[in-house]
Asks: 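Just passing along the structure, written as structure tokens.
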Amino acid sequence: MRGVRRWLAEGTAQRWLAGAALLLALGMIVGLVGVVVSVSAGFFWPRPLVELQLTSGTVLLGEEWGREEDPTSPGQPRLRLKTGNRDVAGLDFRWVREKEIATRRTPADAWLLERREYGNFYGVPRSLDVPGESILAHDPKFAQRLEAALAEAHRFGEQEEKLLRRASRLHEPVARLRLLLANAQQQGRDVSRVEARLDEATRREQEAMAPLMAELATLRERATGYALVMATADGQERRIGVPNVVRATPVNRLSAGGKLVLYLERWWEFLSGEPRESNTEGGIFPAIFGTALMVLLMTVAVVPFGVITAVYLNEYARDNAFTAAVRLALANLAGVPSIVFGAFGLAFFVYTVGGGVDRLFFSDTLPTPTFGTGGILWASLTLALLTVPVVVVATEEGLQAVPQAVRDGARALGATRWQTLRRVVLPYATPGILTGTILAVARGAGEVAPLMLTGVVKLAPALPLDGTPPFFHLERKFMHLGFHIYDVGFQSPNIEAAKPTVYATVLVLLVLVVALNLTAITLRTRLRRRLRSAAV
Amino acid sequence: MSPLPAQRLARARTVDRLVAAVITGGGSLVLVAVGFLVIFLLVECLPLLGNGKATPAGAMPVAVAPLLAVEDEYRESVMVVGRDAVVHIVRRDGSSTALALDGAEAPLAEAVADGSGRLVAVRGAHGSVQVWSLRMRPSWKGKERMLEPTVRRLAELPHAGNGPLLAVAGSGAGASVLVGQELGAMVAVSGDTPRTVALPLAAPAVAGALTDNVAEAWVASSGELALFALRGARNGTEAPVEARAPLPARPTAVVMALGGVTCLVGDEGGTVTGWQSVESAMVGARVLDAAAVFPGRGQVLRLAASQRDKTFLVLRPEGADLVHLTSRRRLFSLPSLPRDVVWIGFSPRRDGVFAVTAEPAVHRWTVSAPHPEATVATLFLPVRYEGFTKPELVWQSTGGTSSFESKLSLVPLMVGTFKGALYALLFSAPAGLAAALYVSQFAPRRLRLLAKPAIELMAALPSVVVGFLAALLLAPLVQVHVVGVLGSLVALPLAVVGAAVLWELVPRTVRQGLPAAAELVLVGSAAVGAAVVAFGSERVVTSVLFGGDFMGWLTDHAGVTYDQRNAVIVGFALGFAVIPVIFTLAEDAFANVPPSLISASLALGATRWQAARTVAIPAASPGLFAAVMMGLGRAVGETMIVLMATGNTPLLSLSPFNGMRTMSACIAVELPEAPYGDTLYRVLMLTALLLFALTFVINTVAVTVANRLRRRFGRLAA
């Protein structure tokens, strides 16, 4: 009995349990980051192409994407084979029972084509058609010629894109007038003038469009001359237009260095490219851009506001009920769920302010909203409200690190309060302000829920910043890394094929947020060291 | 020499004063912002409480003895069918035109209209029945909208007998009329092969209604209400009775509410009853059930149902009331209703009401009742919806059809919110508090310097990433290894305690020679060992305890189904958001306990644990409470994790293995789709306001408690 009591008093078990809790918490972070890194990093690494001959006689070619117990016959393994060729087979993935495999080999002549449409193609090249000749696959110059053809096709693609952009610019006035006309009709306004302008614009568009279309047609005509003839694993031949091919690789022949290059190339394409195939493939550049721009706008709004509040609380406010109320409001601002800010942003910024702006300045396009619908401006203002406490708390910490003696010294030399603040206190507190800004940026980059209400979309047709005046399109909807994860991970029709994209996006967002936070933490640690020395 | 120092000084002073004003103004802006947030959300959801109102919109004279009337969609004109077999189109500006119902023998004996008012059946002077389609067809000429009245004869029903016309229904292809008979009623159907179907009752039918698709007929005699199935009934046969019920008072008016499920019966006692046919206790049989009762004074003269929602109009000698079926709410009475109203009805868009009086005139009202379906009762109490046999708490905001009855009970969402928060706290509160205790009381300084930023980093992890991994990686894994997971929950603490007991057996000299970090390694290995054992013995445990199949066992013995995305997953995933909050605040609270108190306790011979238990924990307890409160606030408001890791189904189940839908997730999913100003929009704004109020209370309590603690020990430390 006494032994038990002594044991309890010693408290080793209690201490160990508490330690276990700490380990659990630390393990959760390490585990999450570790899982993301280990799962995400591997998706872009080239996998060997395996050819499986099944006992039924079927031949399959593809990448092995995992192995698990067959749920229909316990104890038997089955493997997931990515066979690609969606245009031939209709499905990207197949389950193959291990025991049904007769032979397996990694054919050296198998190629992987990454395509703009229909996903990957796995097969053996037969020949390359370029205008005027056809190069057979065993020709020693085949690889070189293919590369040249790909480069050529890539140029075609660029030209085509340029032409299409020009065409869409040409179409813009007509589209705008059509919208005007439709709105005017719906509201029963006089439409005769709009109709006349529309006719004129249509005529002009047709005039300008004709040579453009002719150019486009010849371009496309020339592009069709470039094609790869590929054989699938079961011997079917397919003609694949070279312009549709992003990259052609004889994966099984790659050296380790070649694989690394391909791996890095894929990452680069992912970070800098446009999404394809309803976001399941291609890159996430618009999402990165949208996130960055939104966060930038948010910073412009939140930093002055947050710094002023912090300066007020720390330098100007007296310790009274009003200050206490401001502090309580701040604490609540920090504790209110982000979705509530989203609802407020929708009701206030989008519908009330945006609707008001529309009625004042864009009444001719009503009822189609311009600012009266979600957009990057409203989203960033909503997030700015959300991140005010982050900036205030960090700035206050920075201000508290300023020794009182320094302030007193400046005042004693005859500086006004503002002069003291501007010349002495704020420069001293810069690390704190910077910490707050970085933390706010990290918070803004990771927050999704309020954006869902205030202007994020799964696929934005145009970036909010581009070459058409007024260059900054604050009313445009935008893409966002966090929402991209939610959307592709949960709303995507082809979830398996989207896995590499989603996991890579998760990795990008995680790296971004963790890096920002680590920077802020480092900065703040330095600041705190100074605070401690200042207190002495 | 600087020129005019006095001037410069004055300028510096002015700037200083200006800046002070700006900064003070800017600082108070936070307060303004929060106040504004509340006020704005409040403004957005306040209209839910309003009953709406009707304002008289003038009267127009008619030059005919009226039988019935129909208003057009744009509320520009009213078509009055007169006894003279002429349709008088009375426009808002007072002008009128007339279109004859060619072939109908004047004077007309009677007339009925269907729910939409587009179909009208009339009985001529010699008893023949015709069905007409009345429409005001809009056309645009420039910016001017023209309404072209069209009158088209749809059907002749010479076989419709001589009884009173009770109802008409149909489409462009054909029409059916319900005609009262000496014993019951009959339905006469037009078309290539005209047919009649008898609906026998013990007494003559006095009122009745047909569903829009003419699949069912509700017929009321003076003592009985019966529902007949018309689909498939052949010419000359009797339609089968689906269900019947006695009526307490003589019925005077019958109309179908929008959707064709509820039949509204008004009687001479003044009561309107909403009848539904529901499954009876006997399998396969149906009974009529008075699902909703709306008492009133004075005989019900006429009922009219809105074609936009479940609102209906009750005309009594005393006045006319607008009532909503779902919310059982009497919205308002029509102001300045004239005497001797012979016909009353809604505008097609339910934005107006019109009435025709015996002294021939058309009176119009503009109606604004935007949110009749939302009341405190429908939002928070069980409601008996159409097709339900008892009042229930349901959230189902949108349905497939326009006649869908939206079910806007916030209770399932609130239950879901608290369920998620509860499971999150069950996991995170002990973990966060214990970790904070360890870090502040037992851990070496270097570990503390490492652990605090690490946990801060945990708070910064984007919740969308956590939710994504929880839903797509963790949930499928846990589904396969439930027993292992549950086993580890038990085994882990046991293993740690057991290891601690074994550790005591090691000689004290060895123990004290070891650095504190080594202790954590031991703890970690014990925990990992426990997990390995739990997962390794999973198969054996499953077959011994659960007969080899945990899911099956769960359904058979506990009556619980297993959803892949459930409260356990959410509870764990929310840990990423909640543990850092609790840890940081709890650590803060421990740090605020003056070290002198702990030192004193240690000096008096207490062990570190005794000092922690008897001094640090009691002293910090208000702060620990505040920490848990803040954790609760965080769990309640978290959106993306719950959105992704719960099934997002609004269930009313507290089982750890079921999903739920929380208030925050519901707002995130439904608000982008909700039209501005719609009831759903406002209800979701109310949900946001409730979330705000909830977290406001939680935060204020937590902040106050933590501040008080700081002040108390601040004095003590000084």
Side-chain angles (χ1 to χ4, degrees), chain A residues 9-26 28-29 188-190 308-309 311-313 316 325-326 328-333 335-340 343-344 346-348 351 385 416-418 442 446 448-449 452-453 482 485-486 489-490 506 509-510 513 517 521, chain B residues 12 15-16 19-20 23-24 26-27 30-31 33-34 37 40-41 44 143 145 431 434-435 437-439 442 451 453-455 457-458 460 462 464-465 468 472 496-497 500 503-504 520 523-524 527 576 579 607 609-610 633 637 639-640 664 667-668 671-672 676 685 688 691-692 695-696 699 703:
Chain A
E10 189 69 33
T12 313
Q14 292 92 321
R15 200 170 68 225
W16 279 33
L17 274 179
L22 178 66
L23 283 182
L24 175 72
L26 295 178
M28 279 167 75
I29 322 168
R189 288 194 296 251
D190 183 21
I308 285 181
T309 308
V311 166
Y312 168 72
L313 285 175
Y316 283 79
V326 172
L328 186 64
L330 210 57
N332 272 300
L333 220 46
V336 167
S338 57
I339 190 71
V340 174
F344 171 73
L346 178 74
F348 178 67
Y351 287 136
L385 200 58
T416 61
R417 244 155 104 186
W418 163 237
V448 178
M452 287 166 73
L453 305 181
I485 295 170
Y486 169 68
F490 285 78
V506 168
L509 182 62
L510 198 66
V513 170
N517 272 285
I521 288 170
Chain B
V15 171
D16 192 47
V19 169
I23 286 179
T24 311
V30 173
L31 200 59
V34 171
L37 200 147
F40 210 84
L41 289 179
E44 287 296 302
K143 56 182 175 179
R145 182 180 52 225
L437 177 72
Y438 189 83
V439 165
F442 306 121
I455 297 216
L457 196 62
M458 189 177 188
V464 68
V465 169
F468 173 80
L472 292 189
V496 172
V497 172
W503 183 236
E504 298 270 291
L520 272 188
V523 173
F576 280 94
I579 287 179
T607 62
W609 165 251
Q610 281 173 319
T639 309
M640 289 318 284
S664 54
I667 298 173
L671 194 50
Y676 179 48
M685 283 292 167
L691 261 184
F692 178 88
T695 44
F696 185 87
N699 285 324
V703 168

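Predicted model, so just to flag it, every value in this text is computed and none were measured.
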Asks: Name the region of A/Val513, side chain, backbone, both or neither, that has any atom closer than 4.5 Å to a heavy atom of chain B.
Replies: side chain
Asks: Check whether A/Leu313 gets within reach of chain B through its side chain, its backbone, both or neither, counting any heavy atom under 4.5 Å.
Replies: neither
Asks: Is A/Tyr486 close to chain B through its backbone or its side chain, or both, or neither, when contacts mean heavy atoms under 4.5 Å?
Replies: both
Asks: I'd like to check A/Val336 versus B/Leu691 (side-chain heavy atoms, cut-off strictly below 4.5 Å). Are they in contact?
Replies: no
Asks: Select, from B/Val496, B/Thr639, B/Thr607, B/Ile23, the one with the greatest count of heavy-atom pairs under 4.5 Å involving chain A.
Replies: B/Ile23
Asks: Using heavy-atom distances under 4.5 Å, tell me whether A/Ala449 contacts chain B through its side chain, its backbone, both, or neither.
Replies: both
Asks: Test of understanding: with ring pair (Phe, Tyr, Trp, His ring centres under 6.0 Å), list the residues that count as partners of B/Phe696, not counting sequence neighbours.
Replies: B/Phe692
Asks: I need the residue from B/Ala451, B/Gly633, B/Ala454 with the largest number of non-hydrogen atom pairs under 4.5 Å to chain A.
Replies: B/Ala454
Asks: Evaluate the side-chain proximity of A/Leu453 to B/Ile667: yes if any heavy-atom separation is below 4.5 Å, no if none is.
Replies: yes
Asks: Which heavy atom in B/Gly26 sits nearest to a heavy atom in A/Ile308, and how many Å separate them?
Replies: CA-CG2, 3.7 Å
Asks: Chain A heavy atoms under 4.5 Å from B/Ala460: which part of the residue, side chain, backbone, both or neither?
Replies: both
Asks: Examine whether an atom of A/Phe344 lies under 4.5 Å from a heavy atom of chain B, and if so say whether it belongs to the side chain, the backbone or both; otherwise answer neither.
Replies: both
Asks: Which bit of A/Leu23 comes within less than 4.5 Å of chain B, counting heavy atoms only: side chain, backbone, both or neither?
Replies: side chain
Asks: Indicate every side-chain donor-acceptor pair of residues 11-22 of chain A with a distance under 3.5 Å to a residue at least two apart or in another chain.
Replies:
{"residue": "A/Thr12", "atom": "OG1", "partner": "B/Glu504", "partner atom": "OE2", "Å": "2.5"}
{"residue": "A/Gln14", "atom": "NE2", "partner": "A/Leu8", "partner atom": "O", "Å": "3.3"}
{"residue": "A/Arg15", "atom": "NE", "partner": "B/Glu519", "partner atom": "OE1", "Å": "3.3"}
{"residue": "A/Arg15", "atom": "NH2", "partner": "B/Glu519", "partner atom": "OE2", "Å": "2.5"}

